[in-house]
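First, the structure itself, so that you have it in front of you.
As the structure is a prediction and not an experimental result, all values here were calculated from the model. Basis for what follows: all heavy atoms, side chains included, without hydrogens, waters or symmetry-related copies. So that the names make sense, note that chain A is the first sequence line, chain B the second, and so on, each numbered from 1.
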Amino acid sequence: MSDAAKSTTPPPALLLRGVVVRRDGRVTLDVPALTVEAGETLTLVGPNGAGKSTLLLVAALLRRPDAGDVRIAGSLATRRTERALRRRVALVWQDPLLFSTGVLANAASGLRFRGVGRREAERRAMAWLERFGVGALGERPARGLSGGEARRVALARAFAVEPDLLLLDEPFAALDAPSRAELGPELAAHLRVTGTAAVLVGHDPAEALALGDRLGVVLAGRLAQIGPPAGVLARPASAAVARLLGIANVLPGRVVGTEGPLLVVDLGGSTVRVRPPEPAAGWEAGVTLAVGAARVAASAPERPIPAGWNALAGVVANRALTPDGVRLTVALPGGVRLVAALADSPTGSLTVGAPVVAAFPPEAAHPIRNDAPRPAGDGGTQAIPRR
Amino acid sequence: MNDLWDGLREAIRLLLGGDREVWEIVLLSLRVSLTATGISLLLGVPIGAALALVRFRGRALVVGLVHTGMGLPPVSVGVLVSLLLWRNGPLGALRLLYTPTAMTIAQAAIATPIVAGLTLAAVQGLDPRLRLQLVSLGASPAQTVWWLLREARLPLIAAVVAGFGAVISEVGAAIMVGGNIKGETRVLTTATVLEVGRGNFTTAVALSVVLLLLAYSVTLALTLLQQRRRPGS
């Protein structure tokens, strides 16, 4: 970065370098590098116990890593600086963890800790309570609120301190679906308007895909992949990432040849052609295909299939209604199952046991090398190799 | 049963009749026990909070000591304080033995482990993430402890009640370091023991009733403080 660029670009809100956390001698978090730019929202998904919450505690300066550096808004956290830097970060837990005072006193607490006078602190806290639609609760005891109200108060309390970095640990957990659908976009709007950088941890990939500028996948204490959500979804770096993101079809296969730019892959009974993100030559035999259910079509055998598509004949093994249509599970020869999400409910011919042809274009299937997760080519997604 | 009825009537007569000696005894009991409870709060709350929040080597041993101290026999405390304050003892020069101050010291020693032990339990009973939440909101260590104590205020008031109850009712230490000197160190418990020894059962019952009323009034006041509705309770 040139000096000129330095003077105009704000420092990253969060920067981790070589961070390692051990618990009982076991490495629970190993992040060689992670940057969250000012104003950016990074969502992290991963299974329970993968280290997402530990990463948040490290970023909140509540857990000192066993190795590595943490920088908040460009400043290195040390024993001497961590308390001052903590005041530039706000953390919202899965539980609202409100104090047993009034709602307004809760929302104002962070400002009071910073030495802001009561009147001024309450004025600023009230503005945030109102922005989150809970201004009318000001004098109510905080412990008597509903789950959704408490969550909003906890968010107002965090925003009131005007942090450089907001850390959110499953902020929508235990909320009913309508509250989630409401609060998610509200939160995103407040982050955007205030230009606050955020790290949002969740285990629901759909939520993560809806909210973040970038998406990180945490597996076994490591950042398995990070990049723009669309890129990560289209080109998962490993079978585990693909499964975690909820990609319905993660199919083990074997490369048996090439046809121009396409790979010919044997799925154990069926052969398909797929377009790899890099030249088709040089692929090892072992490969996993990730195919989104929405990219798979399914129709009765007599219906035409677009030219160049993979057409796989099988029978309907399961049929489930969803809010968006119907999900068909197609059993292929060799025990392979392919899930197709169909927008409109097809005619009654595709009932369980009926013959069916599942089809998808070569570019709908993303091949993943089985040998090692490695950079998945273009699109800015980046797989971080295991050390 | 006659002694009991007579005692009740006598208690009412003593209190309403404004018996000067009885009122002096009541006021001294109250003064000594409330002061001792106050001192036990000043010492016990920080000790309990520190034991709940700070991890250090040998912590379990100290917690064990505090828990043992919660059941400390007042007589043993009386012996120890007597030895310290005895004319030839290490603090003998202060000439405190057989004064209300000596009784206050002994009672504070009895109440402090109780308050410390119950404070420890109260703070440890809080959600451990509350502390992290306070720290992450930017609270200094002092602000963190103050807010945690506020969160634990209901069990903390219970700790005060327990500490006061232990000292207002104890007799072993009061009689040993106070000496039950009429007009100087005579309190309700020691006076009751004296009257029983003299065979004045009616007066003893009357003093016991007064003691119970006193203990009840103070405890009731603390309970009302604890149970009153306030924002956030």
field: Side chain / backbone / both / neither for A:Arg83 at chain B, heavy atoms under 4.5 Å
entry: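 The side chain, not the backbone.
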query: Quick one: CD on B:Gln133 to CG on A:Leu91, what's the gap to the nearest 0.5 Å?
result: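 Reported value, rounded in 0.5 Å steps: 6.5 Å.
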message: Taking side chain as everything from C-beta outward and backbone as N, CA, C, O, which of these in A:Leu98 sits under 4.5 Å from a heavy atom of chain B? Side chain, backbone, both or neither.
response: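 For A:Leu98, the backbone is the part near chain B, not the side chain.
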- prompt: Taking atom CZ of B:Arg55 as the centre, does the number of heavy atoms from other residues, nucleotides or ligands within less than 6.0 Å exceed 12?
  reply: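 Atom CZ in B:Arg55 is crowded, with more than 12 foreign heavy atoms closer than 6.0 Å.
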message: Given 3.5 Å as the limit, does a donor-acceptor pair link the side chain of A:Arg114 with the main chain of B:Leu137, or not?
response: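 Here the side-chain-to-backbone pair exists.
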Least distance between heavy atoms, A:Ala105 atom then B:Trp147 atom: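 Where A:Ala105 meets B:Trp147 most closely, the heavy atoms are O-CH2, 4.3 Å.
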query: Just how far is it from atom CD of B:Gln143 to atom OG of A:Ser109, taken to the nearest 0.5 Å?
result: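 Answer for the CD-OG pair, B:Gln143 versus A:Ser109, is 10.0 Å.
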A:Ser100 side chain near B:Arg150 side chain, heavy-atom distance below 4.5 Å: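 They are not in side-chain contact.
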message: Looking at every heavy atom in both A:Trp93 and B:Ser136, which two are closest together, and how far apart are they?
response: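 The answer is CZ3-OG, 4.0 Å.
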Polar side-chain atom of A:Arg87 near backbone of B:Gly138 as donor-acceptor pair, under 3.5 Å: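 Indeed, once roles are kept as given, a pair shorter than 3.5 Å links the two residues.
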message: Between B:Glu151 (side chain only) and A:Phe99 (backbone N and O only), is there a donor and an acceptor less than 3.5 Å apart?
response: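 No; zero donor-acceptor contacts below 3.5 Å.
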- request: Locate the shortest heavy-atom distance separating A:Leu62 from B:Leu132; write the atom from each residue and the value.
  value: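 A:Leu62 and B:Leu132 have their closest heavy atoms at CD1-O, 3.9 Å.
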message: Counting heavy-atom pairs closer than 4.5 Å to chain B, which one of A:Arg88, A:Arg112, A:Arg157 comes out on top?
response: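 Heavy-atom pairs under 4.5 Å are most numerous for A:Arg157.
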query: Just wondering, are more than 12 heavy atoms of other shown residues or ligands nearer than 6.0 Å to CZ in B:Arg129?
result: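 Result for CZ/B:Arg129: enclosed.
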